[in-house]
K.L.:
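Handing you this structure, nothing more for now.
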Amino acid sequence: MDDGITHALLPESATRLARFIADYERIRTSEGRGSESEAFYLALPYRDTTARDRDQWRMRARSYDYIVRRLLAGSRVLDLGAGNGWMSYRLALAGYQPVAVDLLTNDRDGLGAARHYRTRLRTLFPRFQAEMRHLPFADAQFDAAVFNASFHYAEDGEACLREALRCVKIGGMLIIADTPWYARDESGRQMLAERREFFLRRHGVAADAIASLGYLTDERLRHMADALSIRWEVHRPWYGPRWALRPLIAKLRGRREPSRFRLYVARKPG
């Protein structure tokens with residue numbers, strides 16, 4: 001345990017993921033993620049005091065509000081891909097009992113940044129460094145598991161869902177939030193190629209150390225649902241007119257289909 005973070009990454013996973021973690025942290029640092037100011041973390045997701053990622057945080061806020069107001073039931077919530085812990089912080093303030101999981105533990109963009117929330121919480125939520133497909137929890141410990149803008153980083157989406165299902169109670173829910181969706185698989189593949197080229201040009205790394213899922217399509221969702229005997233509910237929060245018009249604008253300009261964002265919810269079968 002380091003600064004309250006439980007390190008539960010399997011040794012073989014730590015070795016395999018070392019380059020991915022290093023590349024990801026390099027890119028996030030180059031992008032200027034995080035802040036020296038406690039006020040930045042305490043304002044998330046409703047305000048980005050740095051103004052660097054304002055649109056992204058606005059979308060995160062609307063997804064979070066939708067999840068809390070319309071979806072979550074029960075109190076024990078597994079925050080998968082917690083990053084700096086903003087969702088777990090907000091859930092704790094709202095009376096939930098969150099547990100934060102991420103690969104990153106640094107003090108700006110990883111679980112270490114959660115130190116900023118100690119001033120506002122009686123007890124800081126538990127934090128675990130772990131891989132989503134190897135979670136260090138007993139069966140049926142949680143009421144819900146939320147993939148917090150993280151499912152697209154999974155190497156094996158079905159394995160990650162299966163592991164999350166193991167950790168939630170019968171009737172408990174899985175929620176995939178803020179992972180890009182495409183109507184056509186070709187659009188997703190093109191997005192990944194464009195991103196790889198951009199990262200190489202801007203940051204000097206391709207960010208392809210692992211073969212992550214990258215995006216969702218209806219076909220991928222159906223395949224995972226069939227394999228796990230679950231049924232997806234699709235929810236469409238309102239992200240504003242700008243997001244709603246993106247597909248039309250892209251079509252008019254002759255560009256590829258842009259990503260869209262939805263919430264995918266499934267219940268653990270009995």
Side-chain angles (χ1 to χ4, degrees), residues 1-29 33 76-88 91 98-114 125-169 172-180 192 195 199 205-216 220-221 223-224 227-228 230 264 266 268:
M1 185 175 290
D2 179 18
D3 192 25
I5 301 170
T6 300
H7 295 273
L9 198 59
L10 298 177
E12 57 269 29
S13 296
T15 300
R16 180 172 49 80
L17 294 169
R19 184 184 153 200
F20 168 78
I21 293 172
D23 288 351
Y24 189 80
E25 288 187 332
R26 177 176 174 178
I27 289 169
R28 302 284 281 189
T29 299
R33 301 282 181 158
R76 294 270 294 168
V77 181
L78 190 54
D79 180 2
L80 297 171
N84 62 41
W86 70 267
M87 181 179 283
S88 286
L91 289 171
V99 174
V101 175
D102 205 276
L103 287 177
L104 272 60
T105 60
N106 66 71
D107 289 344
R108 287 182 66 89
D109 197 40
L111 294 171
F125 46 86
R127 293 165 292 158
F128 289 80
Q129 183 191 35
E131 190 179 7
M132 290 190 293
R133 59 180 175 179
H134 297 293
L135 297 172
F137 309 112
D139 297 352
Q141 293 293 298
F142 298 92
D143 299 297
V146 182
F147 289 91
N148 178 8
S150 60
F151 192 69
H152 44 292
Y153 292 113
E155 295 176 86
D156 185 332
E158 182 183 324
C160 290
L161 290 176
R162 192 181 302 277
E163 181 70 342
L165 281 170
R166 180 187 66 77
C167 293
V168 300
K169 302 173 182 177
M173 64 176 61
L174 301 183
I175 302 174
I176 298 177
D178 297 337
T179 278
L192 293 179
R195 188 182 67 173
F199 282 168
V205 294
D208 59 356
I210 62 173
S212 59
L213 192 66
Y215 58 92
L216 290 171
R220 289 181 171 186
L221 287 161
H223 175 79
M224 291 184 286
L228 299 169
I230 58 176
Y264 304 93
K268 180 175 181 176

K.L.:
Compare every heavy atom of A164 with every heavy atom of L174, then report the nearest pair and how far apart it is.
P.N.:
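Shortest heavy-atom separation between L174 and A164 comes out as CD2-CB, 3.6 Å.
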K.L.:
Where do L104 and Y24 come nearest, in terms of heavy atoms and distance?
P.N.:
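Residues L104 and Y24, closest heavy atoms: CD2-CD2, 3.6 Å.
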K.L.:
Looking at side-chain heavy atoms only, is the closest gap between M173 and V168 below 4.5 Å?
P.N.:
no
K.L.:
Of all residues at least two apart in sequence or in a different chain, which pass the salt bridge (charged side-chain N to carboxylate O under 4.0 Å, His left out) check with R28?
P.N.:
D109
K.L.:
Decide yes or no for S212 and F20: does some side-chain heavy atom of the first lie under 4.5 Å from some side-chain heavy atom of the second?
P.N.:
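They are not in contact (no side-chain heavy atoms under 4.5 Å apart), so the answer is no.
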K.L.:
Kindly write out the residues that satisfy side chain to side chain contact (heavy atoms under 4.5 Å, CB included) with A159, not counting sequence neighbours, or none if the list is empty.
P.N.:
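With sequence neighbours excluded, A159 shows a side chain to side chain contact (heavy atoms under 4.5 Å, CB included) to R133, D156, given in chain and number order.
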K.L.:
Hey, are the side chains of F151 and L216 touching, using non-hydrogen atoms and a 4.5 Å cut-off?
P.N.:
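Contact flag for F151/L216 side chains = yes.
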K.L.:
For F137, give me all partners under side chain to side chain contact (heavy atoms under 4.5 Å, CB included), at least two apart in sequence or on another chain.
P.N.:
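Per chain and number, F137 pairs via side chain to side chain contact (heavy atoms under 4.5 Å, CB included) with L78, V99, V101, F128, L135, F142, C167.
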K.L.:
Do R26's NZ or CZ and the ring of F199 fall within the cation-pi criteria of under 6.0 Å and 45°?
P.N.:
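So R26 doesn't make the cation-pi contact.
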K.L.:
Give a yes or no answer on whether the side chain of D102 reaches the backbone of A82 with a donor-acceptor pair at less than 3.5 Å.
P.N.:
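Such a contact is found between D102 side chain and A82 backbone.
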K.L.:
Going by the salt bridge (charged side-chain N to carboxylate O under 4.0 Å, His left out) test, which pairs reach into residues 137-151, not counting sequence neighbours?
P.N.:
D139-R166, D143-K169
K.L.:
State, yes or no, whether a side-chain contact exists between L161 and I176 at a heavy-atom distance under 4.5 Å.
P.N.:
yes
K.L.:
Considering non-hydrogen atoms only, spot the tightest contact between L165 and K268 and give its length.
P.N.:
O-NZ, 2.9 Å
K.L.:
Show the nearest heavy-atom pair for residues R127 and G112, with the distance to one decimal.
P.N.:
NH1-CA, 4.0 Å
K.L.:
Calculate, to the nearest 0.5 Å, the distance between atoms CG and CD belonging to L213 and E158 respectively.
P.N.:
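Rounded to the nearest 0.5 Å, the CG-CD separation comes to 11.5 Å.
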K.L.:
To the closest 0.5 Å, what do you measure between CG (D3) and CG (L111)?
P.N.:
10.5 Å
K.L.:
I'd like to check the side chain to side chain contact (heavy atoms under 4.5 Å, CB included) partners of S13; sequence neighbours left out, ordered by chain and number.
P.N.:
L9, L10, R16, L17, E131, H134
K.L.:
Nearest heavy-atom pair of A227 and R162: which atoms, and what distance?
P.N.:
O-NH2, 4.0 Å
K.L.:
Could you list the residues that satisfy side chain to side chain donor-acceptor pair (under 3.5 Å) with Y264, not counting sequence neighbours?
P.N.:
none
K.L.:
Could you check whether any side-chain heavy atom of T29 comes within less than 4.5 Å of a side-chain heavy atom of N106, counting everything from C-beta outward?
P.N.:
no
K.L.:
Below 4.5 Å, heavy atoms only, C-beta onward: do M87 and P98 meet side chain to side chain?
P.N.:
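Result no, sub-4.5 Å side-chain heavy-atom pair not found.
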K.L.:
If I compare all heavy atoms of A266 with all of I230, which pair ends up nearest, and what's the gap?
P.N.:
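A266 and I230 have their closest heavy atoms at CB-CD1, 3.9 Å.
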